[in-house]
Structure formats: structure tokens, C-alpha cells
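The structure appears below as C-alpha cells.
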Amino acid sequence: MHWADVLAEEIVGRDPEPTIATGISPTGIIHVGSLREAITGESVRSAVAELGNEVRLVYLIDDMDPLRRRYDFLPESFEEHVGKPICMIPSPDGGPGTYAEHFVKPFLDAVDSLNVKCDIVWTHQLYAEGKFAKAVDASFKKRDLAIEILREVTGRDMDDNFAPYNPLCEKCQRYAKPIFETYSFPYVEYECGCGHRGRSDVEKMEGKLVWRLEWPAKWKIFGVDAEPFGKDHAAAGGSFDSGVRLVREVFGGEPPIPIPYEFVQLKGVGQMHKSTGSAVTGMDAINMTPPEVLNYMFLRVNPQRAIDYDSGLGILDMVDEYDRMERLFFEGEWAEVDDASVRAYQLAQHNEVPKAQPKQVPYRHLMNVVQMADGFDDALRILGRTEDLDGMTQADISRLRARMRCVLYWLDGFAPENVKFSVLSEAPELPEDDPARPFYASFAAKLADAPWDADSINGALIEAAAETGIGNKKGYQAVYRVVIGKTSGPRLGPFLADMERDFVVDRLKDCS
RNA sequence: GGGCCUGUAGCUCAGCUAGGUGGAGCGCCUGACUCUUAAUCAGGUGGCCAAGGGUUCGAAUCCCUUCAGGCCCGCCA
């Protein structure tokens, strides 16, 4: 059984109408680990839904988190914003949105393109609506207990002045220290490092629980039954451990079923990306991996297994594997060893598998066609020469379009050189006495009236190579040389068949 | 120092919960297709299941130890 189904049963056993939560802290540039979290949550959601249960996936955006420091990618002017909540800082690109909106945007786009079905909740709104008020109240009233729990769980020396809640200074917009004696629900006075003294209302967006308490407070607020999180939180004495006790003893709730997941390692197997100059980023992974395949990649292995994202040729294998599972699924028969992977295929579309098998174009073929074509329509035209494209649905076309975009992005920044080529717009200049000239002439003549298919083209080449004594190997190389300027390339017969006959014949004649 | 996870074919991974002659894909090799490297098909090669010990009639699977790798243990989310 697939792990998502195992979890789904466990979750439903606990609550027939469960809530699954997950979240992100958009303080910086998105990474694929965050995506794994979203996809893991979504897969469990859809597995629960398939059992026939009502289920909700809540996606929390922690935009009340303060900007911890000025990261390297931020302008120096952002020094002044350090310490402020990221929902109150302007976007670094000068746009209209906030800092948090700026960094979460690509992520929400990705979540959207991956078709994750979740309720997006901005943490600052929860504060603004007073949703945290009870938890803040409990934190103040049971502060000693909270400190004791943190002391026991983390083994740290806890300051008796530990503040579970930090008011937001109305003057400088940074988090300040509360003055405990002044607390009287819903108000607490504070003294800020900037010298300002004021009063904040815990029912408004005027302060924030610290992470270790905010997390369990959310479990209580939403009645969270299960939550995926990175294994950093899962360490002994980590925030999950302390959260378990805090939610029970301070907030009077129950912790969720934990779904710890391993991190994703990005290995730039191919060349480094031009624009970033460094290894693969999360956005790169999203841009070069078809969304359904990215889903599949996370779902095919257990969450606790680390994933090495292979941005080289491995990505082609991953797409091929996905397509193979798709075929198996529609054939309705597969080996036991593929059980989990076929199920992962279904979950990768959130259990909304198309009724009929989508049109598949082999990804490696697509890779070649994209390099020959000038845009999507042209690529379709080329594909149409060798593939039967009749009966393509709207969904088929948009999938093809998305995949081509991914291939292009991959070719542009990550593909190994030996799979890249471009068709030369003009014939290269060859020496007068180039030994291949007679071969080009012979091959051109044969192609002029041969049937235009891969086999015939190839046959013509063999004949021409034999007649002119150049030999097969050199014959092939000679053709690659004048078409793409390399000595190797895609399988030649099918490759030339994808092109216009006149173009090929003219090119060969030009070189003869 | 403490914790969690991982270690099965060259590579990516199933199989372990409920022990019963080790699997898949890719790669590789061979063959077919008048033919090739990168879209086809068929067949084949391939592993002391990290190491050692224990339990058992029987262990990849359960227990213990060791080794290797990854990650985490900051009022940081």
C-alpha cells in the first residue's frame, strides 16, 4: 500500500473529517523542500478524500515572521527593515505588494500549477481576527508552565523572563518585550528597544507568539489532525516535541499525526545555470520539471527518504517513468513491484485521473523536436509529420505545451552539451576537395525521390555511403556536420524525416 | 555529545508492518528492423540485500553491535 493511503487510514481513524495543515515561512527564496511539503500534504488530502471523507488542507503562510537579517539578495536599504514582520515590509522589487507577498508569489504559482487543493491562510490575518487571542492569553497565564515544559523538552537554560508573546512596537514596527505585570486580557504593555513604551491588544495584529508556541497554537485553532514538516522540526527536543506538550498542557488540544519528511538535495549534474551561476534552485526545478512529474517524483518514494534531484539526464528518465506508469495504469495491469509507483501516478493528479489515456509524446523525442522548431506551433507541425496528433484533447495540448516549456528551460540551463544542437541556417563552407562531396551529391540525388520516411532516408544513406566508398560511420558524421555542425546527433533517419525534404536535399547539394 | 533518517544490481528505487527459493525501470550487452550515436521492438547480463553477531527449521525482513552517508539539536521559522 502507498504511504499516503496508510496515513489516510490512520488519520480517518482519528477524525472522520480531518484537517491537514502545512505551511511556509516566505522570508526568502523558495526551495523545493517547501514544495515537497505541499505535495505531501496534498497527496494525503486526496487519499483521505478518496476514502469518502470530508477533508481540508490548510496552507499557512507565516508572514508575521520577522525579517531575521538582511540577506545577500536584498539591497542595503533593507537593513532598516530587519526585525519587522515580513507582511509589513515593502517588496524588494519596488512593486506594490509586501515582502512576504513577493516571495510567496512564485510559490503560490507553483502550488497552483501543481494543482494543490488547499485553503491559503495568511498568519497575519489570524492575528488580526483575534484567532490567536485565547492562545496568547493561555501563554501569559500559564507562562511558568510553558517555561518549565521548554526547559524539560529542550534541556536548555530557560530565562524566567521568557516571553511567549512579543508585542509589535507601534513606533518602529519591531517586536518588543512585554511587561508581564501589566497584562490584563486583551492588553499588555511593552517596552521596545527603540525606547517607545506602548500597549498592544492581543486580539489584533499587534504582536506575535514565538514559534515554539505559535505552532501548537495553530494545531489548537484549526484542530489539525496531521501535518507534514521537515525533519529539522522532528529532532528530539525540537519544536514538534515541545509543541506536543504545549498544546496539551497549555492550550488544551491534541498534537497532529506527524509526517516528517526528508529534504530534497539539488544536485547540479549538468552545467551550472547561467543566471544564478550556482546550482539548481527550487524555481529551476519547477521550471524544468513538468508539474505532474514533479508531483510524481515526490510521491514515488517515502517521505522519510532523501531525494537527490537530478537536473541532468535523470530528469528525462523521471518523465519516462511517469509516462510508463501512466500507460500501466490505463492498461490496468502491472507487476506487484510497480504497485506503489502506479498509485503515486494517481496521487500525482490528486485522484483526478483523466478518463482516457492522454496522448504521449516520448520526452526524448520532444527534446529533439523542440530544438528543431521555432515555437510551439512549429513544433506541433513537426510532430505531426511522424506522430498521429488527431484526437488530441485540449488537455493533451496544454500538457504538451507545458512540457515543451520545461524542455526548453532545461536545455537552456542544465542539459549536457551532447544532447544539444541547433539546425544550421546555412551550409557550412567546405574545402573544395572535401572527400565527402561525392557522398553528399549521391545522397541528395537518392533523397530527391525516395519516400520521406525514416527507413527510406536511412536506406538511401547506406546506399550512398556504399556507392561512394565513404563508409556508414563517416557518412552519418558527414550529414550531422552539414545539418547541425556536430559529428553526432539524434538518430539520423527519424531526425531527417522530421525536416522538410527540400531543406535537406538543398543542404546536401550545397555541400556537394 | 544527543537525536532522526538512509544503506538492496553500474544508477534510481520496490520488497521489511504480519520471516518462507531476491524484483522493476534505466544503463549495459546481444539480436531484429537494408540502419546509428539521442524517439522502435525482442532477448540477455547483472546483487555475500553495508559488515558482524543473535533469535529461528528458515532472516533483506525481527533483535543487538559496528561501519558509512545525509540532516537536525540557536526565544530561528
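Just the heavy atoms: all of them, side chains too, but no hydrogens, waters or symmetry mates, feed the values below. Numbers restart at 1 for each chain; the letters A, B, ... are given by sequence-line order, proteins then strands.
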Which is true for [X] with a 4.0 Å heavy-atom rule: it touches a base, it touches only sugar-phosphate, or it touches nothing?
X        : value
A/Phe421 : base
A/Val419 : base
A/Gly489 : base

(request) Please state how far atom CE in A/Met297 lies from atom P in B/rC13, giving the value in whole angstrom units. (result)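 In whole Å, B/rC13 P and A/Met297 CE are 10 Å from each other.
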(message) Using whole Å, what does the distance between atom P of nucleotide B/rU34 and atom CD of A/Glu467 come to?
(response) 17 Å
(message) Between B/rC63 and B/rC4, how far apart are the two P atoms, rounded to whole Å?
(response)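 Nearest-Å result for B/rC63 against B/rC4 at atom P: 14 Å.
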(message) When the P atoms of B/rA60 and B/rG7 are compared, how many Å lie between them, rounded to an integer?
(response)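 About 15 Å, rounded to a whole number of Å.
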(message) Heavy atoms from C-beta onward define the side chain here; which of B/rA14, B/rA38, B/rU6 lies closest to that of A/Val337?
(response) B/rA14
(request) State which of B/rA24, B/rU8, B/rC35 makes the closest approach to the side chain of A/Tyr476. (result) B/rC35
(message) Treating primed atoms plus P, OP1 and OP2 as sugar-phosphate and everything else as base, which nucleotides of nucleotides 25-30 of chain B get B, S or - for protein heavy atoms under 4.0 Å?
(response) SS----
(request) Could you encode protein contacts along nucleotides 67-77 of chain B as a string, one character per nucleotide from 5' to 3', using B for base contact, S for sugar-phosphate-only contact and - for no contact, with a heavy-atom cut-off of under 4.0 Å? (result) ---BBB-SBSB
(request) Could you check if a side-chain atom of A/Leu461 sits within less than 4.5 angstrom of a side-chain atom of A/Ile457, using non-hydrogen atoms only? (result) no
(message) Tell me which pairs pass ring pair (Phe, Tyr, Trp, His ring centres under 6.0 Å) where either residue lies in residues 328-347 of chain A, with sequence neighbours left out.
(response) A/Tyr322-A/Tyr345, A/Phe329-A/Tyr345
